[in-house]
Engineer: 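Let me begin by handing over the structure; questions about it come next.
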Amino acid sequence: MPKNKKRNTPHRGGSGGGGSGAAAATAATAGGQHRNVQPFSDEDASIETMSHCSGYSDPSSFAEDGPEVLDEEGTQEDLEYKLKGFIDLTLDKSAKIRQAALEGIKNALASKMLYEFILERRMTLTDSIERCLKKGKSDEQRAAAALASVLCIQLGPGIESEEVLKTLGPILKKIICDGTASIQARQTCATCFGVCCFIATDDITELYSTLECLENIFTKSYIKEKNTNVICSTPNTVLHISSLLAWTLLLTICPINEVKKKLEMHFHKLPSLLSSDDVNMRIAVGESLALLFELARGMDSDFFYEDMESLTQMLRALATDGNKHRAKVDKRKQRSVFRDILRAVEERDFPTETVKFGPERMYIDCWVKKHTYDAFKEVLGSGMQYHLQSNEFLRNVFELGPPVMLDAAMLKTMKISRFERHLYNSAAFKARTKARSKCRDKRADVGEFF
């Protein structure tokens with residue numbers, strides 16, 4: 001009998017084989033009569049197991065409607081039940097199912113505060129992440145690294161997150177430095193390793209070691225400046241960008257002596273990367289320079305940079321870049337960012353940004369705060385606003401005070417249902433279509449007239 005037919009037959013004294021992955025795996029090993037059954041094998045797991053994961057393997061499934069208040073105890077219990085199933089599925093034989101389970105857990109933790117649930121299972125989760133990082137391929141490693149960073153965000157600074165970092169840190173570092181590993185996996189590991197260290201590193205020597213690891217990656221771009229005025233991008237450029245941004249994030253929590261040492265090492269080399277032909281590299285370098293200037297001036301208000309004239313010329317050229325060989329979107333993005341960077345370097349000014357979340361507002365008024373916000377937003381995605389409201393660790397980082405307690409009536413007025421959002425988007429779409437039609441009609445009339 002084919003394997004898939006055998007699996008769908010009811011077990012003795014139990015239900016059919018179409019249940020959850022954890023139940024199927026348990027039943028398969030419970031008695032001798034089931035030992036030869038292989039649940040969730042690669043060839044037929046996609047139908048049966050993904051039905052168990054339905055919705056949660058989609059990265060947007062938990063965060064689609066934004067943070068919801070859990071009015072009923074059953075809702076919380078249902079969520080935890082599904083998460084327990086995902087944790088079991090991280091041990092599955094199929095790489096796709098393991099990856100979907102990791103992404104499901106990550107998106108749940110990015111959209112809800114589940115501290116107590118995670119605290120009880122942190123060792124199990126850490127073991128699963130470790131296994132997927134060691135044995136998985138590119139996409140699975142990326143999903144595991146992303147989950148590791150969100151796990152640390154949930155736990156916050158303390159013994160628990162330190163233990164997570166002690167277990168996973170060496171593996172993340174090994175992947176980052178492994179030239180044979182996937183570039184995408186190394187890039188994600190660099191970003192997530194930086195965030196994990198920012199939260200959990202308590203040992204100053206470990207912090208310095210992490211900085212050195214990231215430096216060894218992005219400084220490889222320096223070598224190319226001797227041969228040409230324009231640094232050509234390579235497949236490794238995305239890795240260098242992520243390493244530079246993670247390095248800059250960790251520099252914001254370093255002691256003053258270490259910051260001074262790093263400024264002396266990199267202040268005169270980083271500007272060379274502004275000539276890269278990759279717009280994201282140019283922007284990452286520009287924002288890092290603005291942050292370094294802010295740190296330097298914070299330590300010494302009379303800080304003097306020797307090559308200020310040359311640097312401001314480069315920044316001004318990028319702020320007014322009109323090269324035809326560059327895409328319009330890239331030029332617009334670059335000019336907007338570099339106008340702010342030039343103002344920061346020349347005038348010590350920062351254009352304040354406002355972030356709204358629920359009834360609260362946060363003002364981003366310096367490059368350190370902006371860089372920190374961007375780093376956590378990259379990891380949490382649309383869950384960033386919810387964590388700013390509810391996560392005590394993030395609220396401490398951004399000096400927001402204790403979480404604001406909201407009653408159910410206030411939360412209900414703040415939340416827009418999916419149906420209301422659909423109606424709003426439909427009305428906006430119709431309005432845009434009508435406006436375009438009128439514009440086309442006017443152009444047609446002008447054409448006929450001439």
Engineer: Can you sort out the partners of Ser128 under side-chain hydrogen bond (donor to acceptor under 3.5 Å, both in side chains), two or more places apart, ordered by chain and number?
Structural biologist: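 In terms of side-chain hydrogen bond (donor to acceptor under 3.5 Å, both in side chains), with neighbours along the sequence ignored, Ser128 is linked to Thr90.
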Engineer: Roughly how far apart are Ile241 CD1 and Ile283 CD1, rounded to 0.5 Å?
Structural biologist: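 Answer for the CD1-CD1 pair, Ile241 versus Ile283, is 9.0 Å.
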Engineer: Counting N and O atoms only, with roles assigned by atom type, does the side chain of Glu258 sit under 3.5 Å from a partner on the main chain of Ile253, one being a donor and the other an acceptor?
Structural biologist: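 Side chain of Glu258 to backbone of Ile253, a donor-acceptor pair under 3.5 Å: no, none is there.
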Engineer: Would you check if Phe357 and Leu400 make a side-chain contact, meaning some heavy-atom pair closer than 4.5 Å?
Structural biologist: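 Side chain of Phe357 against side chain of Leu400, heavy atoms only: contact under 4.5 Å found.
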Engineer: Which heavy atom in Gln141 sits nearest to a heavy atom in Ile175, and how many Å separate them?
Structural biologist: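 For Gln141 versus Ile175, the nearest heavy atoms are NE2-CD1, 3.8 Å.
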Engineer: Would you say Leu119 has more than 12 foreign heavy atoms packed within less than 6.0 Å of its CG?
Structural biologist: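 It does: Leu119 CG has more than 12 such atoms within range.
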Engineer: How would you list, by chain and number, every residue that makes a salt bridge (Lys or Arg N to Asp or Glu O under 4.0 Å) with Glu80, sequence neighbours excluded?
Structural biologist: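 Partners of Glu80 under the salt bridge (Lys or Arg N to Asp or Glu O under 4.0 Å) test: none.
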Engineer: Stepwise, does the side chain to side chain contact (heavy atoms under 4.5 Å, CB included) test hold for Tyr222 with Ser272?
Structural biologist: CA-CA 7 Å; Tyr222 291 164; Ser272 67; 4.3 Å; yes
Engineer: State which residues pass salt bridge (Lys or Arg N to Asp or Glu O under 4.0 Å) with Glu140; sequence neighbours excluded, sorted by chain then number.
Structural biologist: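 Counting only residues at least two positions away or on another chain, Glu140 forms a salt bridge (Lys or Arg N to Asp or Glu O under 4.0 Å) with Arg98.
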Engineer: Does the side chain to side chain contact (heavy atoms under 4.5 Å, CB included) test come out yes or no for Leu91 and Arg131, once each step is laid out?
Structural biologist: CA-CA 9 Å; Leu91 305 175; Arg131 193 179 300 106; 2.8 Å; yes
Engineer: May I ask you to check whether over 12 heavy atoms, not counting those of Lys260, lie within 6.0 Å of atom NZ?
Structural biologist: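 No.
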Engineer: Just verifying a value: how many Å separate Tyr373 OH and Met384 CE, rounded to the nearest 0.5 Å?
Structural biologist: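 Tyr373 OH to Met384 CE: 5.5 Å, rounded to 0.5 Å.
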Engineer: Which residue pairs pass the ring pair (Phe, Tyr, Trp, His ring centres under 6.0 Å) test when at least one of the two sits in residues 195-221, sequence neighbours left out?
Structural biologist: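 Passing the test, one end in residues 195-221: Phe198-Phe376, Phe218-Trp247, Phe218-His266.
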Engineer: Do Leu211 and Cys254 come within less than 4.5 Å of each other through their side chains, counting heavy atoms only?
Structural biologist: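 Heavy-atom side-chain distance check passes, below 4.5 Å.
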Engineer: My understanding is that only residues two or more places apart in sequence, or in another chain, count here; which of them pass side chain to side chain contact (heavy atoms under 4.5 Å, CB included) with Asn391?
Structural biologist: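 Scan of Asn391 (side chain to side chain contact (heavy atoms under 4.5 Å, CB included), adjacent residues dropped) gives Met113, Ile153, His387, Phe393, Leu394.
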Engineer: With sequence neighbours excluded, give me every salt bridge (charged side-chain N to carboxylate O under 4.0 Å, His left out) pair touching residues 181-195.
Structural biologist: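 Counting only pairs at least two positions apart or across chains, no salt bridge (charged side-chain N to carboxylate O under 4.0 Å, His left out) contact touches residues 181-195.
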Engineer: Ignoring hydrogens, what is the shortest heavy-atom contact between Leu239 and Gln187? Give both atom names and the distance.
Structural biologist: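 Shortest heavy-atom separation between Leu239 and Gln187 comes out as CD1-N, 3.8 Å.
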Engineer: Could you tell me which non-hydrogen atom of Ser221 sits nearest to which non-hydrogen atom of Met281, and how far apart they are?
Structural biologist: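 Nearest heavy atoms, Ser221 then Met281: OG-CE, 3.9 Å.
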Engineer: Does anything in residues 193-217 pair up under salt bridge (charged side-chain N to carboxylate O under 4.0 Å, His left out), and if so which pairs, sequence neighbours excluded?
Structural biologist: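 Salt bridge (charged side-chain N to carboxylate O under 4.0 Å, His left out) check on residues 193-217 returns Lys173-Glu206, Glu215-Lys262.
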Engineer: For Asp321, does its backbone N or O pair with a side-chain atom of Arg335 as donor and acceptor, under 3.5 Å?
Structural biologist: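 Such a contact is found between Arg335 side chain and Asp321 backbone.
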Engineer: Among all residues two or more places apart in sequence or in another chain, which pass the side chain to side chain contact (heavy atoms under 4.5 Å, CB included) test with Thr188?
Structural biologist: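 Only Arg142, Ala145, Cys192 meet the side chain to side chain contact (heavy atoms under 4.5 Å, CB included) criterion with Thr188.
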Engineer: Roughly how far apart are Leu147 CG and Cys152 SG, rounded to 0.5 Å?
Structural biologist: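 SG of Cys152 is found 9.5 Å from CG of Leu147.
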Engineer: Can you confirm if the aromatic rings of Phe293 and Phe267 lie within a centre distance of less than 6.0 Å?
Structural biologist: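 Close enough - the centres of the two rings lie under 6.0 Å apart.
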Engineer: Could you tell me which residues satisfy salt bridge (Lys or Arg N to Asp or Glu O under 4.0 Å) with Asp127, sequence neighbours excluded, listed by chain and number?
Structural biologist: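 Expected list: none.
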Engineer: Whether the side chain of Thr237 engages the backbone of Thr234 through a donor-acceptor N/O pair (distance < 3.5 Å, no angle test) should be reported.
Structural biologist: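 Checked: pair present.
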Engineer: So Asn107 and Glu103, do their side chains get closer than 4.5 Å, heavy atoms only?
Structural biologist: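 Yes, side chains in contact.
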Engineer: Hey, does Leu244 have a side-chain heavy atom less than 4.5 Å from the side chain of Leu270?
Structural biologist: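 Yes, close enough: below the 4.5 Å cut-off.
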Engineer: My understanding is that only residues two or more places apart in sequence, or in another chain, count here; which of them pass salt bridge (Lys or Arg N to Asp or Glu O under 4.0 Å) with Arg282?
Structural biologist: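 Expected list: none.
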Engineer: Main chain of Val368, side chain of Glu294: is a donor-acceptor contact present, judged purely on distance under 3.5 Å?
Structural biologist: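 Looks like yes, one N/O pair under 3.5 Å.
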Engineer: Any side-chain heavy atom of Leu168 sitting closer than 4.5 Å to one from Cys196?
Structural biologist: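 The answer is no; the side chains never approach within 4.5 Å.
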Engineer: Is the shortest distance from a Lys or Arg side-chain nitrogen in Lys84 or Asp88 to a carboxylate oxygen in the other one below 4.0 Å?
Structural biologist: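 Here Lys84 does not pair with Asp88 in a salt bridge, since their nearest N and O are not under 4.0 Å apart.
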Engineer: Show me the donor-acceptor pairs within less than 3.5 Å that the side chains of residues 359-367 make with the rest of the protein, sequence neighbours left out.
Structural biologist:
residue	atom	partner	partner atom	Å
Glu360	OE1	Arg395	NH1	3.4
Glu360	OE1	Arg395	NH2	2.8
Glu360	OE2	Arg395	NH1	3.2

Engineer: Could you tell me the separation between the CD1 atom of Ile105 and the CD1 atom of Ile129, rounded to the nearest 0.5 Å?
Structural biologist: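 Taking CD1 in Ile105 and CD1 in Ile129, the distance rounds to 8.0 Å.
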Engineer: Suppose the criterion is ring pair (Phe, Tyr, Trp, His ring centres under 6.0 Å): which pairs have a residue in residues 99-120, not counting sequence neighbours?
Structural biologist: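 Checked against ring pair (Phe, Tyr, Trp, His ring centres under 6.0 Å) - neighbours excluded - no pair reaches residues 99-120.
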Engineer: Closest approach of Pro271 and Tyr305, non-hydrogen atoms and distance?
Structural biologist: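 Looking at all heavy atoms of both residues, the shortest contact is CG-OH, 3.7 Å.
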Engineer: As a quick check of understanding, evaluate side chain to side chain contact (heavy atoms under 4.5 Å, CB included) for Leu311 and Leu289, giving each step before the final call.
Structural biologist: CA-CA 10 Å; Leu311 177 60; Leu289 282 169; 4.1 Å; yes
Engineer: Mind listing the closest non-hydrogen atom pair of Leu250 and Gly194 along with its distance?
Structural biologist: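 Minimum heavy-atom separation between Leu250 and Gly194: CD2-O, 3.4 Å.
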Engineer: Does Ser288 reach the main-chain N or O of Ala284 with its side chain, forming a donor-acceptor pair under 3.5 Å?
Structural biologist: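 Yes; at least one donor-acceptor contact below 3.5 Å.
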Engineer: So, do Leu83 and Leu114 sit near enough that their side-chain heavy atoms are less than 4.5 Å apart?
Structural biologist: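 Heavy-atom side-chain distance check passes, below 4.5 Å.
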Engineer: Walk me through whether Leu380 and Tyr386 qualify under side chain to side chain contact (heavy atoms under 4.5 Å, CB included).
Structural biologist: CA-CA 10 Å; Leu380 292 171; Tyr386 175 79; over 6 Å; no
Engineer: Between CG of Leu249 and NE2 of His371, what distance do you get to the nearest 0.5 Å?
Structural biologist: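 The NE2 atom of His371 is 5.0 Å from CG of Leu249, to the nearest 0.5 Å.
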Engineer: With side chains defined as the heavy atoms from C-beta onward, is the minimum distance between Thr191 and Leu245 less than 4.5 Å?
Structural biologist: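 Contact flag for Thr191/Leu245 side chains = no.
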Engineer: Atom OG in Ser149, atom CD1 in Ile199: separation rounded to 0.5 Å?
Structural biologist: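 Those atoms lie 7.5 Å apart.
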Engineer: Do Val285 and Ser276 come within less than 4.5 Å of each other through their side chains, counting heavy atoms only?
Structural biologist: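 A side-chain contact is absent here, since even the closest heavy-atom pair is not under 4.5 Å.
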Engineer: More than 12 heavy atoms of other residues, nucleotides or ligands under 6.0 Å from CD of Glu399: yes or no?
Structural biologist: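 No, the 6.0 Å shell around CD holds no more than 12 heavy atoms from other groups.
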Engineer: Where is the tightest heavy-atom contact between Met299 and Val259, given as atom of each residue plus distance?
Structural biologist: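 Heavy-atom minimum between the residues: CE-CG1, 3.6 Å.
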Engineer: Quick one about Thr167 and Thr126 (side-chain donor to acceptor, distance below 3.5 Å, no hydrogens or angles considered), yes or no?
Structural biologist: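 No, no side-chain donor-acceptor contact under 3.5 Å.
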